[in-house]
Amino acid sequence: MAYQYTERLSDAVIGLAIGDALGVPFEFEERGSFTCTGMTGSGVHNMPAGTWSDDTSMTIATAKGLRDYNGEIHPGAIRRNFVNWLRQGDFTPDGKCFGIGRATFVSLTTGESQSRFEDNGNGALMRILPLSFTDAVDDQIDEVSGITHGHGISKTACRIYVHVARRLLAGQTIIEILPSLIGEAPFGRLSKIDQLPEDEIKSSGYVIDTLEAALWAMAKEALEPAEEDGDRFAGAVLRAVNLGGDTDTIGAVTGGLAGIVYGLDGARASQWRAALRKRELIEECL
């Protein structure tokens, strides 16, 4: 499976960007204190509607690093793209780095991957999706994760996400995939995440919480009847964003998977795609 531009790659990464942009105005807001129903501006960061953050910037920086080497994994090239994002504002809608996390900042400014338990934020998970469209083996996924997040929990979460995305690309459903995600703590809930109520789903920036929230949102959408307009992509990402907390990243991680499964042909998905700022930059990097 060589890396190449396809409609499904575009749907996945644009889907991720949509989830990111939907979540940006509500980042850090408490669950239940807001309701996201569409693409809005202002909010927490006072950004125009359709603005995406570090989640999308680092994802397209990763994608360009893969495209430039025909799908071969060159962590150094990907890291250089990240540094150019941080220092020069490359891969951004406004020419400036927006939303960078602490572990990512320290890693890129010191050259040392952050590998303490406390460094298991979702900053690697949020950008790892393009590797799903390559032949990257687990050690290579670990290398790309480890550019910024070197702890084993972060690396394992990235592996799981890439493998889930690949299985969705192959035609399996999220409900078929979940029972096989059997692992030791802290991954023990993944195989039964679809059975948990919303109040047991956390939505913090901890990588496990983000992975669980995204898989939960995907599973709940798959299990419930489609909304009147049949736009299941919209249903999944709105469910994710409305969990509150780290809304942009949880929206992004969910949006990538939802783009693979549902595409972006639904009415709301198409509208949100058109509303993304600098969408042409995203596409250029693919």
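Nothing here was measured: the structure is a model prediction, and the numbers come from that model.
- At a cut-off of 3.5 Å, with distance as the only test, a side-chain donor of Asp246 or Asn122 sits close to an acceptor on the other residue.
- Ile174 and Ile182 fall into different hydrophobic clusters, where Ile, Leu, Val, Met, Phe, Trp and Tyr are joined by side-chain heavy atoms under 4.5 Å apart, directly or via other members.
- Applying the side-chain hydrogen bond (donor to acceptor under 3.5 Å, both in side chains) criterion to Ser57, with sequence neighbours excluded, gives no partner residue.
- Under the 4.0 Å criterion applied to side-chain N and carboxylate O atoms, Asp138 and Lys155 are not assigned as salt-bridge partners.
- When every heavy atom of Arg31 is checked against every heavy atom of Ser203, the shortest pair comes out as NH2-OG, 3.3 Å.
- Checking side-chain atoms of Asp90 against main-chain N and O of Asn81 turns up no donor-acceptor pair under 3.5 Å.
- Checked for salt-bridge contact, Asp11 and Arg8 miss the test: no charged N lies under 4.0 Å from a carboxylate O.
- Remark: the backbone N or O of Ala165 is not paired with any side-chain donor or acceptor of Ser132 at under 3.5 angstrom.
- Of the charged side-chain nitrogens involved, none lies within less than 4.0 Å of a carboxylate oxygen, so that Lys278 and Asp94 do not count as a salt-bridged pair.
- Between His151 and Phe117, the ring planes are perpendicular. Angles over 60° get that label, and only those under 30° would be called parallel.
- When all heavy atoms of Thr59 and Arg127 are compared, the closest pair comes out as OG1-CA, 3.3 Å.
- The environment of CD in Glu184 is sparse: at most 12 heavy-atom neighbours from other residues, nucleotides or ligands sit within 6.0 Å.
- The pair Glu143-Arg79 does not meet the salt-bridge criterion, since no charged nitrogen lies less than 4.0 angstrom from a carboxylate oxygen.
- Without hydrogens or angle criteria, Gln114 side chain to Glu112 main chain gives a donor-acceptor distance under 3.5 Å.
- No side-chain donor-acceptor contact under 3.5 Å links Tyr5 to the backbone of Arg67.
- Distance check: Ile153 CD1 to His149 NE2 gives 12.0 Å after rounding to the nearest 0.5 Å.
- With Thr109 contributing its side chain and Phe105 its backbone, the two residues share a donor-acceptor pair below 3.5 Å.
- Lys220 places a side-chain N or O within donor-acceptor distance of the main-chain N or O of Asp194, the cut-off being under 3.5 Å.
- By the criterion of side-chain heavy atoms lying less than 4.5 angstrom apart, applied directly or through intervening Ile, Leu, Val, Met, Phe, Trp or Tyr residues, Ile160 is grouped together with Ile201 in one hydrophobic cluster.
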**OP:** Show your reasoning for whether side-chain contact (heavy atoms from CB on, under 4.5 Å) applies to Arg279 and Leu281.
**Re:** CA-CA 5 Å; Arg279 190 181 75 245; Leu281 172 60; over 6 Å; no
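- Cluster annotation: Ile18 is connected to Ile260 through the hydrophobic network of ILVMFWY side chains, with a link wherever side-chain heavy atoms come within less than 4.5 Å.
- For Arg102, the CZ atom sits in a packed shell: over 12 heavy atoms of surrounding residues, nucleotides or ligands are nearer than 6.0 Å.
- The ring pair (Phe, Tyr, Trp, His ring centres under 6.0 Å) test applied to His74 returns Tyr69, not counting sequence neighbours.
- For the side-chain contact (heavy atoms from CB on, under 4.5 Å) with Pro186, the qualifying choice from Ile208, Val207, Thr156 is Ile208, the only one to do so.
- The closest donor-acceptor contact from the side chain of Ser270 to the backbone of Gly266 lies under 3.5 Å.
- In summary, the side chains of Tyr262 and Glu221 do not present any donor paired with an acceptor at a separation below 3.5 Å, with no hydrogens or angles considered.
- Across all their heavy atoms, Leu276 and Ala21 have their closest contact at CD2-CB, 3.9 Å.
- Side-chain atoms of Ser53 and Asp55 form a donor-acceptor pair, as typed in the model, at a separation below 3.5 Å.
- Annotation for Trp85 and Cys97: closest pair CZ2-SG, 3.3 Å, computed over non-hydrogen atoms.
- A side-chain donor-acceptor contact under 3.5 Å links Trp216 to the backbone of Leu196.
- Linking Ile, Leu, Val, Met, Phe, Trp and Tyr whenever their side-chain heavy atoms come within less than 4.5 Å puts Leu257 and Val241 in one cluster.
- Remark: Phe98 engages His45 in a ring pair (Phe, Tyr, Trp, His ring centres under 6.0 Å) (not counting sequence neighbours).
- Neither Trp52 nor Met47 shares a network with the other; the hydrophobic side chains, linked directly or stepwise wherever heavy atoms of I, L, V, M, F, W or Y lie under 4.5 Å apart, form separate groups for each.
- At distances below 3.5 Å, at least one donor-acceptor pair connects side-chain atoms of Thr247 with backbone N or O atoms of Gly23.
- A distance of 11.0 Å separates OG1 in Thr134 from CD in Glu72, rounded to the nearest 0.5 Å.
- Atoms CG and CG, from Leu22 and Asn242 in turn, are 9.5 Å apart once rounded to the nearest 0.5 Å.
- Ser180 and Arg167 form a side-chain donor-acceptor contact under 3.5 Å, judged by distance and modelled atom types alone.
- Across Leu129 and Gly256, no two heavy atoms sit closer than the pair CD2-CA, 3.6 Å.
- Nearest approach of Ala213 to Lys202, heavy atoms of both residues: CB-O, 3.8 Å.
- Using a cut-off of 4.0 Å between Lys/Arg side-chain N and Asp/Glu carboxylate O, Glu283 and Arg273 are scored as salt-bridged.
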**OP:** Please assess Ile128 against Val162 for the test side-chain contact (heavy atoms from CB on, under 4.5 Å), listing each intermediate value before the final yes or no.
**Re:** CA-CA 7 Å; Ile128 208 72; Val162 168; 3.9 Å; yes
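- At distances below 3.5 Å, not a single donor-acceptor pair connects side-chain atoms of Ser191 with backbone N or O atoms of Pro179.
- With values rounded to the nearest 0.5 angstrom, Asn120 atom CG is found 11.0 Å from Asp209 atom CG.
- Rounded to the nearest 0.5 Å, atoms CG (Leu131) and CD1 (Ile73) are 4.5 Å apart.
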